[in-house]
Amino acid sequence: MSEVAATVRHMTRAIFHTATTLDGYLATDDDSLDWLFAVPGADEAEAAFAGFLADVGALVMGSATYEWMLRHEGLFDAPEKWAGYYGTRPTFVFSSRALPRVPGADIRHVEGGVREHIDEIRDAAGAGDVWIVGGGDLAGQFADAGLLDEIRVSIAPVTLGSGKPLLPRVLGADRLTLVDARTAGQFVELVYSVS
Ligand SMILES: NC(=O)c1ccc[n+]([C@@H]2O[C@H](COP(=O)([O-])OP(=O)(O)OC[C@H]3O[C@@H](n4cnc5c(N)ncnc54)[C@H](OP(=O)(O)O)[C@@H]3O)[C@@H](O)[C@H]2O)c1
């Protein structure tokens, strides 16, 4: 492999990877994901996700996503569940509030512009990618700053009519290029590069 190819392969990318409804919502208005867990036969989608996670070095999420994890997974009673999902990967939680940390997990509180924190986030990711877990506005903040490299959406056969938006931004075809499309059980996974 040439030196250039090796550099490209190991360049840290910021990837917004999420499940979404067909009508573009990440969660209901009251932060429920019950619609997602109700989709039958999620095994194939989970296998594809495991392959994605293997290349992730650090996670980024907003406070609503983090607090959903705390509540839904009961992480104060069973903090070891965090490592079961994410291993020891550093996780950057954007919030203007001081949030409780999951015991034993590498949770790093950040706030303000994403540009201020991108060097620290990339350093923490090492040779891996940065997974922007959500929500949509935080992914939008990365796009606004020109720091979002890829969007991977796994579309569930569900509509909600309203809820927490997938990506509340205007990104035209001049910025998004479809690079992959595949099915995984009842899900369709679309991968776009962002310029
Ligand atoms: N379908 C899926 O696979 C999937 C994936 C991810 C998330 N979700 C769900 O979707 C919902 C997303 O919620 P959401 O849209 O409200 O997004 P979110 O990004 O999880 O949380 C938004 C909050 O994060 C904080 N924040 C964001 N940017 C910040 C910044 N630059 N500096 C400081 N604080 C910042 C703010 O709250 P404070 O300052 O008040 O803390 C903001 O209100 C959650 O229910 C989550 O569980 C679903």
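Just so you know, ligand 1 is whichever comes first in the structure, and atom 1 is the first atom listed for that ligand.
- Atom 3 (O) of ligand 1 is flagged as protein-proximal [any protein heavy atom, distance under 4.0 Å].
- Heavy-atom proximity to atom 6 (C) of ligand 1, evaluated over L26, L33, V133, is greatest for V133.
- Among all protein heavy atoms, the one lying closest to atom 7 (C) of ligand 1 is T65 OG1, 3.3 Å.
- In this structure, I121 and V60 have side chains that are in contact, with non-hydrogen atoms separated by less than 4.5 Å.
- Paired with K164 under the rule side chain to side chain donor-acceptor pair (under 3.5 Å), one option of T20, T65, D31 passes, and it is D31.
- For ligand 1, the atoms closer than 4.0 angstrom to any heavy atom of S96 are 33 (C), 34 (N), 38 (P), 39 (O), 40 (O), 41 (O).
- Under a 4.0 Å heavy-atom criterion, T20 is not in contact with ligand 1.
- Nearest to atom 41 (O) of ligand 1 among the protein's heavy atoms is S95 OG, 2.5 Å.
- The distance from ligand 1 to the heavy atoms of R97 drops below 4.0 Å at these ligand atoms: 38 (P), 40 (O), 41 (O).
- Only the side chain of W68 comes within 4.0 Å of ligand 1, counting heavy atoms alone; its backbone N, CA, C and O stay farther away.
- Among the atoms of A19, some N or O lies under 3.5 angstrom from an N or O of ligand 1.
- Aromatic ring orientation, W82 versus Y86: perpendicular (interplanar angle above 60°, classes split at 30° and 60°).
- Heavy-atom proximity to atom 42 (C) of ligand 1, evaluated over G62, S32, S63, is greatest for S63.
- With no hydrogens or angles considered, a side-chain donor-acceptor pair links S162 and D29 at under 3.5 Å.
- For the atom pair E111 CD and R97 CZ, the distance stands at 11.0 Å (nearest 0.5 Å).
- Comparing Q141, H117, E111 by heavy-atom distance to atom 27 (C) of ligand 1, the nearest is Q141.
- Nearest protein heavy-atom contact of atom 5 (C) of ligand 1 is T18 OG1, 3.2 Å.
- The structure places CZ of F92 at 10.0 Å from CG of L59, a figure rounded to the nearest 0.5 Å.
- By the criterion of a heavy-atom distance under 4.0 Å, neither the backbone nor the side chain of V114 is placed next to ligand 1.
- Distance from atom 14 (P) of ligand 1 to its nearest protein heavy atom, with residue and atom name: A64 CB, 3.9 Å.
- Atom-to-atom distance recorded for R13:CZ and S193:OG is 10.0 Å, nearest 0.5 angstrom.
- In this structure, R182 places its CZ atom where only 12 or fewer heavy-atom neighbours from other residues, nucleotides or ligands lie under 6.0 Å away.
- Of the protein's heavy atoms, G112 N, 3.1 Å lies nearest to atom 32 (N) of ligand 1.
- The protein heavy-atom contact nearest to atom 25 (C) of ligand 1 is F94 O, 3.4 Å.
- In terms of polar-atom proximity, defined here as any N/O pair under 3.5 Å, L36 makes no such contact with ligand 1.
- Closest protein heavy atom to atom 44 (C) of ligand 1: D31 OD1, 3.3 Å.
- The protein non-hydrogen atom at the shortest distance from atom 18 (P) of ligand 1 is G135 N, 3.4 Å.
- Nearest heavy atom pair, residue V130 against residue A125, reads CG2-CB, 3.9 Å.
- The shortest N/O to N/O separation between A27 and ligand 1 does not fall below 3.5 Å.
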(request) Please report the C-alpha distance between T28 and D30 in whole Å, then the side-chain angles of each, then the deciding distance to 0.1 Å, and finally whether the side-chain hydrogen bond (donor to acceptor under 3.5 Å, both in side chains) criterion is met. (result) CA-CA 5 Å; T28 62; D30 60 354; 2.5 Å; yes

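- When all heavy atoms are compared, the tightest approach of W131 to H17 is NE1-O, 3.0 Å.
- What you find for G161 and Y25 is that their closest heavy atoms are O-OH, 3.5 Å.
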